[in-house]
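Lettering follows sequence order; numbering is per chain, from 1.
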Number of protein chains: 2
Amino acid sequence: MPKSIKRTYSRYSRDATALLGGLIREARKERRLTAQELADRAGISRGLLQRIEKGDLKCEIGAVFEVASIVGVTLFDADEITLAKHLSQIKHKLALLPKSVRKKAKAVIDDF
Amino acid sequence: MPKSIKRTYSRYSRDATALLGGLIREARKERRLTAQELADRAGISRGLLQRIEKGDLKCEIGAVFEVASIVGVTLFDADEITLAKHLSQIKHKLALLPKSVRKKAKAVIDDF
DNA sequence: TTTAAATGATCTTTATATAGACCATATAAT
DNA sequence: ATTATATGGTCTATATAAAGATCATTTAAA
């Protein structure tokens with residue numbers, strides 16, 4: 001990372017991450033798990049769980065999804081079977097699409 | 001990070017991340033954007049976009065959500081208004097919950 | 001078929017996310 | 001009210017994610 005990373009995030013990204021974190025926190029409390037307990041189960045530190053629940057955009061998605069699934073917050077509101085089905089469908093559809101996206105070589109000069 | 005991080009991920013986390021990446025790739029191609037173009041728009045490198053589309057669990061969630069929203073892949077299948085509403089609802093519900101989770105001080109000895 | 005472009009992969013450098021420890025505060029239960 | 005505990009924050013060391021460059025391969029279009 002040569003130049004320091006200063007990403008900008010859209011409102012949607014910020015809201016979505018904050019909502020996900022809030023849902024996780026709510027689900028954790030409903031299940032009466034302490035932050036430390038949930039962090040242990042997910043194999044992460046308590047500090048990272050705090051950031052996830054706060055909606056910090058700079059957490060790795062794997063850790064977020066792991067915590068979410070432990071407390072029952074599903075992103076695709078899908079059970080495993082449905083999720084796997086969606087996954088195979090996507091792979092199938094992607095196999096049918098062109099492998100690479102090509103731009104038109106030249107713009108059409110249509111106004112002479 | 002004293003000890004090297006070797007996280008384990010559940011099948012759900014892996015599938016969900018892979019599905020999300022696949023949906024992003026599909027949406028990108030439908031919109032006829034090259035990987036470089038999408039990466040530029042999201043303010044990330046092409047390499048990171050590649051990992052996101054492959055379903056790499058170790059990408060920051062902010063970058064993933066940003067890319068997803070650019071190509072129109074919504075996680076909460078919610079427009080911004082609905083998302084904001086959910087967000088405020090969550091905050092409200094969290095305000096009503098106990099601030100900290102407490103364990104019962106002592107186990108009940110119920111078998112004498 | 002030819003060719004230019006898109007993709008996939010690898011490597012290096014550097015910024016940074018994370019673990020783990022610590023401390024202060026808040027708070028639930030006694 | 002007291003007290004033990006959960007939470008929130010800070011700090012340091014270190015593993016690692018990301019940028020950017022490069023190269024090979026694939027592939028869509030001419």
Side-chain angles (χ1 to χ4, degrees), chain A residues 1-9 17 21-22 24-26 28-67 94-108, chain B residues 1-9 17 21-22 24-26 28-67 94-108:
Chain A
M1 294 170 184
K3 291 187 289 188
S4 100
I5 290 183
K6 278 171 193 167
R7 291 199 210 292
T8 62
Y9 300 98
T17 309
I24 288 169
R25 163 163 290 215
E26 187 186 24
R28 174 174 68 80
K29 297 206 168 185
E30 279 174 359
R31 293 169 185 244
R32 301 199 60 75
L33 290 171
T34 67
Q36 188 64 61
E37 285 171 336
L38 178 52
D40 287 344
R41 285 205 203 181
I44 65 175
S45 66
R46 187 167 65 91
L48 177 53
L49 176 61
Q50 272 187 39
R51 290 173 48 220
I52 290 172
E53 291 189 347
K54 253 204 294 185
D56 191 317
L57 291 150
K58 298 182 167 294
C59 307
E60 51 174 84
I61 194 168
V64 180
F65 280 19
E66 197 67 22
V67 169
L94 279 171
L96 299 180
L97 286 177
K99 310 286 182 180
S100 66
V101 172
R102 274 310 178 87
K103 294 298 162 184
K104 292 288 175 292
K106 295 184 178 186
V108 177
Chain B
M1 291 173 183
K3 289 188 289 185
S4 98
I5 290 184
K6 278 172 194 167
R7 289 199 211 294
T8 61
Y9 300 97
T17 310
I24 288 170
R25 162 161 291 211
E26 187 186 25
R28 174 175 68 81
K29 297 206 168 187
E30 279 174 359
R31 291 167 186 244
R32 300 198 61 73
L33 290 171
T34 67
Q36 188 64 62
E37 286 171 336
L38 179 52
D40 288 344
R41 285 205 204 181
I44 65 175
S45 66
R46 186 168 66 89
L48 177 53
L49 176 60
Q50 272 187 40
R51 288 174 48 220
I52 290 172
E53 291 189 348
K54 254 204 293 186
D56 192 317
L57 291 150
K58 298 183 168 293
C59 307
E60 51 175 83
I61 194 169
V64 179
F65 280 19
E66 197 66 21
V67 169
L94 280 171
L96 298 179
L97 286 176
K99 311 285 182 180
S100 65
V101 172
R102 276 307 178 90
K103 295 298 163 184
K104 293 288 177 289
K106 295 185 177 185
V108 177

Take atom [atom1] of [X] and atom [atom2] of [N], then tell me their distance rounded to the nearest Å.
{"X": "Leu57(A)", "N": "dA17(D)", "atom1": "CG", "atom2": "P", "result": "18 Å"}
{"X": "Leu48(B)", "N": "dT13(C)", "atom1": "CG", "atom2": "P", "result": "21 Å"}
{"X": "Glu60(A)", "N": "dA15(D)", "atom1": "CD", "atom2": "P", "result": "16 Å"}
{"X": "Asp56(B)", "N": "dG8(C)", "atom1": "CG", "atom2": "C1'", "result": "14 Å"}
{"X": "Ile44(B)", "N": "dA17(D)", "atom1": "CD1", "atom2": "C1'", "result": "13 Å"}
{"X": "Lys6(A)", "N": "dA18(D)", "atom1": "NZ", "atom2": "C1'", "result": "16 Å"}
{"X": "Ile52(A)", "N": "dA19(C)", "atom1": "CD1", "atom2": "P", "result": "9 Å"}
{"X": "Ile61(B)", "N": "dA17(C)", "atom1": "CD1", "atom2": "C1'", "result": "15 Å"}

Just verifying a value: how many Å separate [X] [atom1] and [Y] [atom2], rounded to the nearest 0.5 Å?
{"X": "Arg25(B)", "Y": "Leu33(B)", "atom1": "CZ", "atom2": "CG", "result": "13.0 Å"}
{"X": "Leu49(B)", "Y": "Arg28(B)", "atom1": "CG", "atom2": "CZ", "result": "6.0 Å"}
{"X": "Leu96(A)", "Y": "Glu26(B)", "atom1": "CG", "atom2": "CD", "result": "10.0 Å"}
{"X": "Glu66(B)", "Y": "Leu38(B)", "atom1": "CD", "atom2": "CG", "result": "10.0 Å"}
{"X": "Thr17(B)", "Y": "Ile61(A)", "atom1": "OG1", "atom2": "CD1", "result": "5.0 Å"}

Review point. Do the side-chain N or O atoms of Arg51(B) get closer than 4.0 angstrom to the phosphate oxygens (OP1, OP2) of dT7(C)?
Key: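 False: Arg51(B) side-chain N/O out of range (4.0 Å or more) of dT7(C) OP1/OP2.
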Point to revise | Lys54(B) side chain near dT7(C) phosphate (N/O to OP1/OP2, under 4.0 Å) | key: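 Lys54(B) to dT7(C) OP1/OP2: no side-chain N or O under 4.0 Å.
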Review point. Which nucleotide sits closest to the side chain of Arg32(B): dA29(D), dA9(C), dA29(C)?
Key: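 Of all the options, the side chain of Arg32(B) is nearest to dA29(D).
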Detail all sub-3.5 Å separations between protein N/O atoms and N/O atoms belonging to nucleotides 4-8 of chain D.
from	atom 1	to	atom 2	distance (Å)
dA4(D)	N3	Arg102(B)	NH2	3.4
dT5(D)	O2	Arg102(B)	NH2	2.9
dT7(D)	OP1	Arg28(A)	NH1	2.8
dT7(D)	OP2	Ala35(A)	N	2.7
dG8(D)	OP1	Arg25(A)	NH1	3.2
dG8(D)	OP1	Arg25(A)	NH2	3.4
dG8(D)	OP2	Arg25(A)	NH2	3.1
dG8(D)	N7	Arg46(A)	NH1	3.2
dG8(D)	N7	Gln50(A)	NE2	3.4
dG8(D)	O6	Arg46(A)	NH2	3.1

Review point. For Gln36(A), which residues count as a side chain to side chain contact (heavy atoms under 4.5 Å, CB included) partner, sequence neighbours excluded?
Key: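 Partners of Gln36(A) under the side chain to side chain contact (heavy atoms under 4.5 Å, CB included) test: Thr34(A), Asp40(A), Arg46(A).
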Review point. Taking only residues two or more places apart in sequence or in another chain, which ones pass side chain to side chain contact (heavy atoms under 4.5 Å, CB included) with Ala63(B)?
Key: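 Arg7(A), Ile44(B), Leu48(B), Ile52(B), Glu60(B).
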**Study point:** 5' priority, DNA chain D, between Lys58(B) and Pro98(A) [closest heavy atom]
**Key:**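 It is Lys58(B) whose nearest nucleotide is closer to the 5' end.
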